[in-house]
Undergrad: 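Below is the structure I would like to discuss, written out as structure tokens.
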Amino acid sequence: MRRPRARVLLGLAVVTVLGVAGCRSAADVGAPATPAATGAVSGSITVSAASSLTDVFTTIARGFSRVHPGARVTLNFGSSSVLATQIEQGAPADTLAAADPEAMDALVAADLVAGSPTVFARNRLTIVTKVGNPEGIRSVADLADAGTVSLCASTAPCGKYTARVLVNAGVTIPESAVTRGTDARSTIAAVISGDADAAIVYVTDANAAGRAVTTVPIALRAEVVAEYPIATLASSGAPAVSAAFIEYVRSPRGQSVLRAAGFLPAAPAP
């Protein structure tokens, strides 16, 4: 019997700077090349966002910069809990897009948020395995003896959501069989690289991985829905640009990018 390695996968925040010259992606086709007749803003902002938003916010920021050519967006990705701690410690940021309300609530309680956060998207979790699912995993219960399982750090939003999934399913995975990632991206990377046999990650990260993994749905009774709030920070030096960025995220164009990646609408249909 194989003895799994317990290890911690470290992730680094990635900073991407986007301006008017950002390259177009397929999701941006048809976006206006000039600003709207009114309402254009200018200035620079730093958006700290959950790592599960990496692809969609990169695309959204490019579209935003075409609508507002005078605006420049720097994206800082990482675990929401880590980003919140960075902001509490004075790290420069204008906007926070978190993968759970808890990280945002901590900043609200510390008077570090301007106005009220708004939920702009939701997400689900899923199981991913090595290509072809060699361990034959068909449910959360199978993860209890599936070899090495990659899970998000317990302090990260994806780790908290995963803990709820395991409780809902009545499943305990031996910690000796678990390898931890600092966020959803580093967690799924363990499966892609072959260091883990399976993982629990966001549906959107599984979609982004494509054929590099095999996806196994989580049963409805164990399912957990993640909520993503966004807000301008009280320390922002460009609150108008931050507000315009948030408006763009919530706009039909921003929501179409999120929907294409597998995110759910901010609120369930009535």
Side-chain angles (χ1 to χ4, degrees), residues 11 13 47-60 75-85 95-108 113 116-128 140 143 149-169 171 173 180-189 191 198-209 213 215-231 246 249-250 254-269:
V47 177
S48 288
S51 65
S52 51
L53 295 168
T54 299
D55 296 333
V56 291
F57 263 36
T58 298
T59 298
I60 285 173
L75 297 172
N76 175 38
F77 297 108
S79 170
S80 297
S81 57
V82 172
L83 295 174
T85 298
T95 312
L96 174 66
D100 75 333
E102 187 175 329
M104 185 70 75
D105 289 346
L107 299 183
V108 171
V113 173
S116 300
T118 181
V119 174
F120 66 92
R122 299 180 302 141
N123 209 345
R124 289 192 175 99
L125 276 73
T126 190
I127 299 167
V128 295
V140 176
L143 296 177
V149 180
S150 182
L151 302 178
C152 293
S154 59
T155 55
C158 54
K160 296 173 185 176
Y161 291 130
T162 295
R164 288 166 54 188
V165 166
L166 294 175
V167 169
N168 292 347
V171 173
I173 302 175
R180 297 275 180 181
T182 55
D183 53 36
R185 283 300 173 96
S186 58
T187 299
I188 195 172
V191 176
I200 296 179
V201 295
Y202 296 118
V203 165
T204 52
D205 286 308
N207 290 347
V213 297
T215 301
V216 179
I218 291 174
L220 186 61
R221 66 182 179 83
E223 186 179 72
V224 172
V225 177
E227 291 190 337
Y228 286 64
I230 190 169
I246 292 172
V249 170
R250 299 179 64 198
Q255 290 294 300
S256 70
V257 175
L258 288 158
R259 185 170 58 252
F263 285 90
L264 302 172

Undergrad: What's the separation between atom OG in Ser52 and atom CG in Asp205, rounded to the nearest 0.5 Å?
TA: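 Result: 5.5 Å between the selected atoms.
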Undergrad: Is there side-chain contact between Phe120 and Leu53, with at least one heavy-atom pair below 4.5 Å?
TA: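 Yes; the side chains approach each other to less than 4.5 Å.
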Undergrad: Could you list the residues that satisfy ring pair (Phe, Tyr, Trp, His ring centres under 6.0 Å) with Tyr161, not counting sequence neighbours?
TA: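 With neighbours one apart ignored, the set is empty.
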Undergrad: State which residues pass side chain to side chain donor-acceptor pair (under 3.5 Å) with Ser80; sequence neighbours excluded, sorted by chain then number.
TA: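 Once residues adjacent in sequence are excluded, Ser80 has no partner under the side chain to side chain donor-acceptor pair (under 3.5 Å) criterion.
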Undergrad: For residues 216-225, which residue pairs qualify under salt bridge (Lys or Arg N to Asp or Glu O under 4.0 Å), counting only residues two or more places apart or in two chains?
TA: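 The answer is Arg124-Glu223.
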Undergrad: Would you say the side chain of Leu125 lies within less than 4.5 Å of the side chain of Tyr202, judging by non-hydrogen atoms?
TA: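 Counting from C-beta outward, Tyr202 and Leu125 do come under 4.5 Å.
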Undergrad: Quick one: do the Thr204 and Asn207 side chains pair a donor with an acceptor below 3.5 Å?
TA: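 Side chains of Thr204 and Asn207: no pair found under 3.5 Å.
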Undergrad: Listed by chain and number, what are the salt bridge (charged side-chain N to carboxylate O under 4.0 Å, His left out) partners of Asp55, not counting sequence neighbours?
TA: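 Once residues adjacent in sequence are excluded, the partners of Asp55 under the salt bridge (charged side-chain N to carboxylate O under 4.0 Å, His left out) criterion are Arg185.
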Undergrad: Return the CG to CZ distance between Leu258 and Arg122, rounded to the nearest 0.5 Å.
TA: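 The distance works out to 12.5 Å.
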Undergrad: Only counting residues at least two apart or in another chain, list the ones meeting side chain to side chain donor-acceptor pair (under 3.5 Å) with Ser51.
TA: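 Listed in chain order: nothing, the list is empty.
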Undergrad: Rounded to the nearest 0.5 Å, what separates atom CG in Leu83 from atom CG in Asp183?
TA: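 Answer rounded to 0.5 Å: 9.0 Å.
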Undergrad: Thr162: which residues meet the side chain to side chain donor-acceptor pair (under 3.5 Å) condition with it, sequence neighbours left out?
TA: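 Listed in chain order: nothing, the list is empty.
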Undergrad: Quick one: are the ring centres of Phe77 and Phe57 less than 6.0 Å apart?
TA: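 So the answer is no for these two rings.
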Undergrad: Using side chain to side chain contact (heavy atoms under 4.5 Å, CB included) as the criterion, list what pairs up with Thr85, not counting sequence neighbours.
TA: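 Thr85: side chain to side chain contact (heavy atoms under 4.5 Å, CB included) contacts with Glu88, Gln89.
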Undergrad: Could I get the full list of side chain to side chain contact (heavy atoms under 4.5 Å, CB included) partners for Ala84, not counting sequence neighbours?
TA: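 Ala103, Leu107.
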Undergrad: Could I get the full list of side chain to side chain contact (heavy atoms under 4.5 Å, CB included) partners for Asp105, not counting sequence neighbours?
TA: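 Side chain to side chain contact (heavy atoms under 4.5 Å, CB included) check on Asp105 returns Pro101.
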Undergrad: Val171: which residues meet the side chain to side chain contact (heavy atoms under 4.5 Å, CB included) condition with it, sequence neighbours left out?
TA: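 Scan of Val171 (side chain to side chain contact (heavy atoms under 4.5 Å, CB included), adjacent residues dropped) gives Val140, Ala141, Ala144, Leu166, Ala169, Ile173.
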Undergrad: Of the non-hydrogen atoms in Gln255 and Val249, which two are nearest, and what is the gap between them?
TA: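 Minimum heavy-atom contact is NE2-O, 3.0 Å.
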Undergrad: Please give me the minimum heavy-atom distance between Thr126 and Ala206, naming the atom from each residue.
TA: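 Minimum heavy-atom contact is CG2-CB, 3.8 Å.
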Undergrad: Give a yes or no answer on whether the side chain of Thr187 reaches the backbone of Arg180 with a donor-acceptor pair at less than 3.5 Å.
TA: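 No, because the side chain of Thr187 does not come within donor-acceptor range (under 3.5 Å) of the backbone of Arg180.
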Undergrad: Any side-chain to backbone donor/acceptor pair from Ser81 onto Thr155? Under 3.5 Å, distance only.
TA: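 Looks like yes, one N/O pair under 3.5 Å.
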Undergrad: Before giving the answer on side chain to side chain contact (heavy atoms under 4.5 Å, CB included), spell out for Val224 and Asn168 the whole-Å C-alpha distance, their side-chain angles and the decisive distance to 0.1 Å.
TA: CA-CA 9 Å; Val224 172; Asn168 292 347; 3.7 Å; yes
Undergrad: Counting C-beta onward and ignoring hydrogens, is there a side-chain heavy-atom pair between Val213 and Val201 closer than 4.5 Å?
TA: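 Val213 does not reach Val201 side chain to side chain.
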Undergrad: Out of curiosity, Lys160 NZ to Asp100 CG, how far, rounded to the nearest 0.5 Å?
TA: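 So the gap between those two atoms works out to 5.0 Å.
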